[in-house]
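Have a look at the structure below before the remarks.
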Amino acid sequence: MCGICGWVDFERDLTTPDAQRELAAMTATMACRGPDDEGTWVEGPVALGHRRLAIIDIQGGRQPMTLEEESRTSLALVYSGETYNFRELRERLAGAGCRFQTSSDTEVVLQAHREWGRRDPRDAVRELNGMFAYALWDSANHELLLVRDRLGIKPLYYYPTEQGVLFGSEPKAILANSLAERAVDADGLRRALGFVADPHNAVFRGMREVPPGYIIRVTRDGIQELRYWQLTDTAHTADVPTTVRHVRELLDDTIQRQLISDVPLCTLLSGGLDSSAMTALAARFSTERIRSFAVDFVGYTDNFKPDAMRATPDGPYVHEVAEFVGTDHTDITLSSNELMDPDVRAAARHARDLPITMGDIDSSLYLLFRAIRQRSTVALSGESADEVFGGYQMFHDPIYVKADTFPWLGGNALRLESTQRFLDRGLLGKLDLPGYIDDQYRRALAEVPELTGPAAADPHERRMREISYLFLTRFLPMLLDRKDRMSMAVGLEVRVPFCDHRLVEYVFGTPWAHKTFDGREKSLLRAAAADVLPQSVVQRVKSPYPSTQDPTYDQMLRTDFTALLKNRDSAVAPLLDVARARTELDAPDSGAVFGDRWGLEQILTLESFLTDYHVSLAV
């Protein structure tokens, strides 16, 4: 796991001291992503930078990594992530005559492109099972390939220039180059406020993400998108018992693959079905006692109040699973003071890079990962099981299912409303967020693979196919990005077994009736893992990642927001309806207005973003 960056300029020699200083500045921004080592490689029009978090082949996996042919470099690679099937691929490549100098998965990726990707790079990438984002310079074809994994687990951004491209694992790497403009226009604000994943809009004007499942090919003639993977209809015909067995087989194989590491490994345990199943299976296949970690808040369990999203606290279930499975367990208990610590919030926002936030969840994840990093370098997470197996309440509530928009923005659309409450009316009219979101929604629906087979005649099955696609392609990437940013900010690699593309493909293709065959959410996962879990967890209702219920946290938010409104020189002031916000703040019932956190967190994050990154507004 690492941070990568680079620069291609087809009209310039990047070996000059000035260009190499620019590359060094780009690479330095990702020291947290790769605290163990750094390296650069420059040749003619291409410059590659790398920061390394050493996981596999500690000594031999240094990067950038090159392949030499006829006394010259033919391929050069900077790679971030893990290829879990690298051992099988290595055997195949060795059988085809490839000679390896290291035991790292990075060299396997390099050799795979030489052996299988010469005609079409997609042929090489399709062989990889893993989470990855990498850049490959092909000297023979004089082209750069930017490659991202199928689900978008690892981030990769690029910024076209007049003569080439800048790229990096994070926007901050690109912005360290003097060619990149630090500006946000109306489209960027729509992306920041819309709460919908859109890789073609990376908030900063001119910047984009490499879309999940794509290769970006950069040549002297321009930039081309090559798609190597997408969700498709599989015309699933297997019965429920057969489907459950195959899900279990895929889980067993995936988790065994993802336990491979040359450094300490652990699991993130919440006491829910997803993380508990993952932890139990990891314990079965690990040769050592599995370490597990959970997040908790001071007084949370004792003072817990059920709400619409969380019926029970995590703590009792976490401890039951840890004892049942036999893990070496640790609770990381946080206070509101820690969550509101200015240094912690600044670190979480800096890790995000973009004016997108989940408030105290970002801060608590950062603190959790920071504490785990003192004892482990790799963690397995249950992220994405809800999107894959249909776990959220929104999958099952007719109000959200029937809403003609993204399910997480249906119903009361609380997040959007609470943010817009404080924005300038003229700005809101210019942004037209409802129109933007509707356009994104229609585009996403147009991509959904047509349902075939017996289920195709059922309108509900067709709608649930759409809902599943929306969550996997427009919601899950936001959660994966959050987890990647908060973990890599402290040099922790987080793996997500439920994002194995084989599992995602298989479950996506199953009928909704299979996914709810027992009348519950996540029926296939519950049945597949029931034998390794205590019954209390098997039957537990979905409970999201915890958010602090301490009222002092909301009071601290309100204090910070009040101070912001009083600062006429704040960077975010041009976007706000300051007079209205002050009126609402002074109203007797202002507690109700400020009771939810979304709007406050978003505005405070925008202020920090504009200030810290010296961003100019072009709206």
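For reference, positions follow the sequence shown, starting with 1.
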**Study point:** Whether R150 side chain and R126 backbone form a donor-acceptor pair below 3.5 Å
**Key:** yes
Point to revise | Listed partners of Y506 passing ring-ring contact (aromatic ring centres under 6.0 Å, His included), at least two apart | key: H236, H246
**Study point:** For R245, salt bridge (Lys or Arg N to Asp or Glu O under 4.0 Å) partners two or more places apart
**Key:** none
Point to revise | Nearest heavy atoms of A403 and Y441, plus distance in Å | key: O-OH, 4.1 Å
Study note, to complete from the structure: Residue pairs meeting ring-ring contact (aromatic ring centres under 6.0 Å, His included), one or both in residues 315-337, sequence neighbours left out, come to H319-H329
Check your understanding: Any donor-acceptor pair under 3.5 Å linking the side chain of D233 with the backbone of P449?
Key -> no
Review point. Can you list the steps and then say if M358 with L365 is a side-chain contact (heavy atoms from CB on, under 4.5 Å)?
Key: CA-CA 10 Å; M358 293 186 183; L365 266 180; over 6 Å; no
Review point. Between C499 and L476, is any pair of side-chain heavy atoms under 4.5 Å apart?
Key: yes
Check your understanding: With no hydrogens and no angle check, is any side-chain donor or acceptor of H514 less than 3.5 Å from a backbone partner on V244?
Key -> no
Check your understanding: Got a donor-acceptor contact below 3.5 angstrom from the Q602 side chain to the G359 backbone?
Key -> no
Practice item. Any chance you could measure Y134, atom OH, to D149, atom CG, to the nearest 0.5 Å? Key: 10.5 Å
Exercise for review: Kindly say whether E88 contributes a backbone atom to a donor-acceptor pair with the side chain of N85 at under 3.5 angstrom?
Suggested key: no
Review point. Relative to each other, are the rings of F132 and Y79 parallel, tilted or perpendicular (30° and 60° limits)?
Key: parallel
Practice item. Name all pairs fulfilling the side chain to side chain donor-acceptor pair (under 3.5 Å) condition that reach into residues 363-374, sequence neighbours left out, sorted by first residue then second. Key: S364-Y545
Practice item. Determine which pairs satisfy salt bridge (Lys or Arg N to Asp or Glu O under 4.0 Å) with at least one residue from residues 354-363, sequence neighbours left out, and list them in order. Key: R352-D362, D360-R597
Practice item. Decide yes or no on side-chain contact (heavy atoms from CB on, under 4.5 Å) for V401 and M464, but give the supporting numbers first. Key: CA-CA 8 Å; V401 171; M464 296 316 297; 3.9 Å; yes
Point to revise | With sequence neighbours excluded, residues passing ring-ring contact (aromatic ring centres under 6.0 Å, His included) with H350 | key: none
Review point. When you measure from the centre of the six-membered ring of F195, is the NZ or CZ of R474 under 6.0 Å away and within 45° of the axis?
Key: no
Exercise for review: Show the numbers, then the answer: is there a side-chain contact (heavy atoms from CB on, under 4.5 Å) between L470 and M394?
Suggested key: CA-CA 12 Å; L470 294 174; M394 292 170 284; over 6 Å; no
Review point. Side chains of L268 and I372: does their closest heavy-atom pair fall under 4.5 Å?
Key: yes
Exercise for review: Determine whether E82 and D105 make a side-chain contact, defined as any pair of heavy atoms from C-beta on separated by less than 4.5 Å.
Suggested key: yes
Point to revise | Partner set under ring-ring contact (aromatic ring centres under 6.0 Å, His included) for F471, not counting sequence neighbours | key: Y392, F395, W408, F475
Review point. Do any N or O atoms from the side chain of E505 and from the backbone of T232 form a donor-acceptor pair under 3.5 angstrom?
Key: no
**Study point:** Side-chain heavy-atom pair L265, L380 within 4.5 angstrom cut-off
**Key:** yes
Review point. If you measure from CD on Q393 to OH on Y400, what distance do you get to the nearest 0.5 Å?
Key: 6.0 Å
Exercise for review: Establish, from distance only, whether the side-chain atoms of S103 and R90 form a donor-acceptor pair under 3.5 Å.
Suggested key: no
Check your understanding: Donor-acceptor pair, S523 side chain versus R520 backbone, under 3.5 Å?
Key -> yes
Which donor-acceptor pairs under 3.5 Å do the side chains of residues 270-281 make with protein atoms, sequence neighbours left out?
residue : atom : partner : partner atom : Å
S270    : OG   : G272    : N            : 3.2
S270    : OG   : S275    : OG           : 3.0
D274    : OD1  : K522    : NZ           : 2.8
D274    : OD2  : K522    : NZ           : 3.2
S275    : OG   : S270    : N            : 2.9
S276    : OG   : G272    : O            : 2.6
T279    : OG1  : T267    : OG1          : 3.0
T279    : OG1  : S275    : O            : 2.8

Exercise for review: Determine the minimum heavy-atom distance between M486 and F369, stating which atoms define it.
Suggested key: C-CD1, 3.6 Å
Check your understanding: Got a salt bridge between D481 and R485, using NZ or NE/NH1/NH2 to carboxylate O under 4.0 Å?
Key -> yes
Point to revise | Residues M488, S169; criterion side-chain contact (heavy atoms from CB on, under 4.5 Å); working and verdict | key: CA-CA 11 Å; M488 293 307 294; S169 294; over 6 Å; no
Check your understanding: Any side-chain heavy atom of V496 sitting closer than 4.5 Å to one from L151?
Key -> no
Check your understanding: If you draw a 6.0 Å radius around CD in E323, do more than 12 non-hydrogen atoms from other residues or ligands fall strictly inside?
Key -> no
Point to revise | Greater than 12 external heavy atoms within 6.0 Å of R502's CZ | key: yes
**Study point:** Check: D331 side chain, T333 main-chain N or O, donor-acceptor pair, under 3.5 Å
**Key:** no
Point to revise | With F293 via ring-ring contact (aromatic ring centres under 6.0 Å, His included) - residues at least two apart | key: none
Review point. Can you name the nearest heavy-atom pair linking L231 to Y469, along with the distance?
Key: CD1-CD1, 3.9 Å
Practice item. Any salt bridge (Lys or Arg N to Asp or Glu O under 4.0 Å) involving residues 278-292? Give me the pairs, sequence neighbours left out, ordered by first then second residue. Key: R284-D531
Practice item. Just jot down the salt bridge (Lys or Arg N to Asp or Glu O under 4.0 Å) partners of E209, sequence neighbours excluded, or say none. Key: R148
**Study point:** Stepwise side chain to side chain donor-acceptor pair (under 3.5 Å) test for T473 and E447
**Key:** CA-CA 10 Å; T473 63; E447 300 171 7; 5.0 Å; no
Check your understanding: In terms of side-chain geometry, is the basic nitrogen of D314 or R540 positioned less than 4.0 Å from the acidic oxygen of its partner?
Key -> yes
Review point. Only one of L259, T254, L250, L503 forms a side-chain contact (heavy atoms from CB on, under 4.5 Å) with P497, so which one is it?
Key: T254
Check your understanding: Heavy-atom distance under 4.5 Å between the side chains of D484 and V494, does that happen here?
Key -> no
Review point. Is the closest basic N to carboxylate O distance between E601 and R345 below 4.0 Å?
Key: yes
Practice item. For residues R495 and S261, report the shortest heavy-atom separation together with the two atoms involved. Key: NH2-CB, 4.2 Å
Point to revise | Those residues that, when tested against R526, pass salt bridge (Lys or Arg N to Asp or Glu O under 4.0 Å) (two or more places apart) | key: D518, E521
**Study point:** Sub-4.5 Å side-chain heavy-atom contact between V109 and L128
**Key:** yes
**Study point:** Side chain proximity check, E493 to V263, heavy atoms < 4.5 angstrom
**Key:** no
